[in-house]
Amino acid sequence: MDKEVVNIVDRRTGAAYDLPFFKGAVRAMDLRQIKTGPEDFGVMTYDPAFLNTASCQSAITFIDGDKGILRYRGYPVEQLAENCTFLEVAYLLLNGELPSALELKQWVEAITTHTMLHETTKKFLEGFRHNAHPMGMFISTVAALSTVYPESRHVLDPEIRRLQIRRLIGKVPTIAAYTYRHSLGFPYVYPDNDLSYAANFMNMLWKMVEPKYQANPVLARALDILFILHADHEQNCSTNVMRAVGSSQADPFLATAAAAAALSGPLHGGANEEVLRMLDEIGTKDRVHAYVDSVKAGKGKLMGFGHRVYKNYDPRARIIKWAAGKVFEVTGGNPKLEIALELERIALEDEYFIKRKLYPNVDFYSGIMYQAMGFRPEMFTVLFAIPRTVGWLAQWQEMIEDPEQKIARPRQIYTGYEARNVVPMEKRAAAAVTA
Ligand code: COA
């Protein structure tokens, strides 16, 4: 008997089916043969929010949520954070291997060649209201790059893809910094290609009248580490959007903007901003207990806690906690850190959180650290979007090159009316409408 199959018996018809395993999964299309008769569509799977559905094969990122493991191309994220720069990791994610010294030099040059924005894009940014949310500006401006580089729509051409990938990685820090300067009413600072990726970003954010911006090396390295930790996270909500939009062969600027829009939600990349609001609401360490009780009573969630995949400590949170310590050595302590540490301590001892396997996630400490570095909370999701652009692009490229991928198009289980006839206006009864 073949053991590499799952045997299904359809009790409606008595028919038995052997469905082969494919890399530990069952192909959903194999279920279609299970029918009650020729008119029957066949069996589908029903999986709202993709809780148990693999949408692709991917060789980029591995996560074991139960064990708290995160690896890029096989390398533990802890080792990458300790030994590599963000651009090295970007090269790894996109190309599958770490670069040699020469390859890295060429790669860094290739990215820095693309850090400038077209002047019309700068003018485009100027059109936003003074109080526009930086994430809204970021998403719109990334989408607007599609109009600056119309050739980007030729997504099946590998050379054109390569160029857009470099452009996007080079330009997202510039766009991010300009959204920040715009909201302060400060003049934009052009990129300085002598500086590292993170230090140049800091230069574009914070340079004032000094002739040359000097980034604090500890803070620049901490930012670089945060970029490494945020670079990819396999098939999360925004990456799924990147692949879905990219599957229609939309250009990568538009697909990246769509992915960034998904990232902006408070349940995804917006969570670290929410963490700070929560810490502000708690206010003092002695009020942590009462806050945890209110969460347990159903009044909202503990932001920065819980994860769809990690049911153990998020490995990124551990590194961020360490990096936050380094940042506070430079910037001085932060009262919010005390509240956060107390919140973590209390929650990790509480039956409610233990039972549900709720641990701090990547967003729990990143917000406090960003704030200590001088970032305003509205910028936090933008800071996430910069490195995640690399992950989105690596996943997008993999999707384009995968011969099994087609335009993404889920099925539905229709629950609406059967066919009915339009009633003339004068005969329609008033109905309560919700939309
Ligand atoms: N605080 C309190 N309770 C939480 C919680 C949190 N942060 N996260 C999940 N729970 C509870 C849910 O209410 C649910 O309880 P129940 O079984 O009594 O109904 C249970 O834990 C399972 O949660 P569920 O919503 O099914 O988990 P999920 O995998 O769908 O959600 C998140 C994952 C990340 C969306 C969710 O944990 C969350 O909203 N966290 C806060 C936002 C956040 O930090 N997001 C950043 C993610 S990197």
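Remember, predicted model here, so these are calculated numbers, not experimental data. Whatever order the structure lists them in is the order used to number ligands and atoms, beginning at 1.
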For ligand 1, the residues whose heavy atoms come within less than 4.0 Å (ordered by chain, then number):
Leu267, His268, Ala271, Val295, Lys301, Leu302, Met303, Gly304, Phe305, Gly306, His307, Arg308, Lys311, Tyr352, Arg356, Leu358, Asn361, Asp363

Check the side chains of Glu234 and Thr239 for a donor-acceptor pair under 3.5 angstrom, ignoring hydrogens and angles.
no

Partners meeting side-chain hydrogen bond (donor to acceptor under 3.5 Å, both in side chains) with Lys406 (sequence neighbours left out):
none

With sequence neighbours left out, the residues meeting side-chain hydrogen bond (donor to acceptor under 3.5 Å, both in side chains) with Asn216 are none

Donor-acceptor pair between Asp47 and Thr45 side chains, under 3.5 angstrom:
no

Is the NZ or CZ atom of Arg356 positioned over Phe353's six-membered ring, under 6.0 angstrom from the centre and within 45° of the axis?
no

With ring pair (Phe, Tyr, Trp, His ring centres under 6.0 Å) as the rule and sequence neighbours excluded, what pairs involving residues 225-270 come up?
Phe86-Phe227, Tyr149-Phe253, His230-Phe384, His233-His307, His233-Tyr310

